[in-house]
Amino acid sequence: MAGGESYTPASLSDREVQIIELVAAGLTNQEIAQQLEISKRTVDNHISNILTKTSTDNRVALVRWALQWGKVCINDVNCCTLPTPHDEALS
């Protein structure tokens, strides 16, 4: 598809999803590193791995992918609450 968008779900770690949320919020890699108290190089590596896993070419395509697959919520868009394994155990 155009823009390197991926139309398949990817297996992402909790940390990778957290980083995608911060990318979607508009933070730079340096700002993400400061917020998560990790090095910028670690963030750079996470971003590279995430782009590979999601078959996206850049941050914009990544955010579009994340919105499509319900990985992020921006301004009440895509904000359905999905059950987590913890929630299912309580049922």
Side-chain angles (χ1 to χ4, degrees):
M1 288 285 155
E5 295 173 40
S6 172
Y7 288 94
T8 57
S11 177
L12 301 169
S13 70
D14 290 341
R15 177 62 98 183
E16 289 169 333
V17 171
Q18 184 179 29
I19 288 175
I20 292 172
E21 290 170 347
L22 296 172
V23 168
L27 275 64
T28 65
N29 287 11
Q30 183 62 47
E31 292 167 334
I32 293 169
Q34 290 171 343
Q35 183 162 336
L36 298 180
E37 298 179 351
I38 59 178
S39 75
K40 181 186 172 292
R41 183 175 177 123
T42 299
V43 174
D44 294 342
N45 288 336
H46 278 304
I47 297 286
S48 178
N49 292 338
I50 292 165
L51 292 175
T52 298
K53 285 183 175 183
T54 59
S55 300
T56 53
D57 296 327
N58 55 56
R59 295 164 84 91
V60 173
L62 174 61
V63 171
R64 288 177 51 92
W65 178 93
L67 283 168
Q68 177 184 2
W69 291 103
K71 301 294 184 183
V72 296
C73 171
I74 299 175
N75 296 331
D76 296 327
V77 174
N78 239 24
C79 294
C80 64
T81 304
L82 300 175
T84 63
H86 175 73
D87 293 337
E88 291 171 0
L90 296 176
S91 301

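- Of all non-hydrogen atoms in Ile20 and Ala66, the two that sit nearest each other are CG2-CB, 3.5 Å.
- To the nearest 0.5 Å, atom NE2 of residue His46 and atom CZ of residue Arg15 are 6.0 Å apart.
- In this structure, CD on Gln30 lies 9.0 Å from OG on Ser39, to the nearest 0.5 angstrom.
- Considering only residues two or more places apart in sequence or on other chains, Asp44 meets the side chain to side chain donor-acceptor pair (under 3.5 Å) condition with Asn29, Lys40.
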Worked verdict on Asp14 versus Gln18 for side-chain contact (heavy atoms from CB on, under 4.5 Å): CA-CA 6 Å; Asp14 290 341; Gln18 184 179 29; over 6 Å; no
Intermediate values then yes/no, side-chain contact (heavy atoms from CB on, under 4.5 Å), Leu22 and Leu36: CA-CA 10 Å; Leu22 296 172; Leu36 298 180; 3.9 Å; yes
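- Note that CH2 of Trp65 and CG of Asp57 are 14.0 Å apart. Values are rounded to the nearest 0.5 Å.
- The heavy-atom pair separating Val72 from Ala24 by the smallest distance is CG1-CB, 4.2 Å.
- Closest approach of Asn58 to Val60, counting heavy atoms only: OD1-N, 3.1 Å.
- The heavy-atom pair separating Arg59 from Ile32 by the smallest distance is NH2-CD1, 4.2 Å.
- Contact detail for Glu21 and Lys71: the closest heavy-atom pair is OE2-O, 4.0 Å.
- Taking CD1 of Ile47 as the start and CD1 of Ile50 as the end, the distance is 5.0 Å to the nearest 0.5 Å.
- Between Ile19 atom CD1 and Gln35 atom CD the span is 11.0 Å, to the nearest 0.5 Å.
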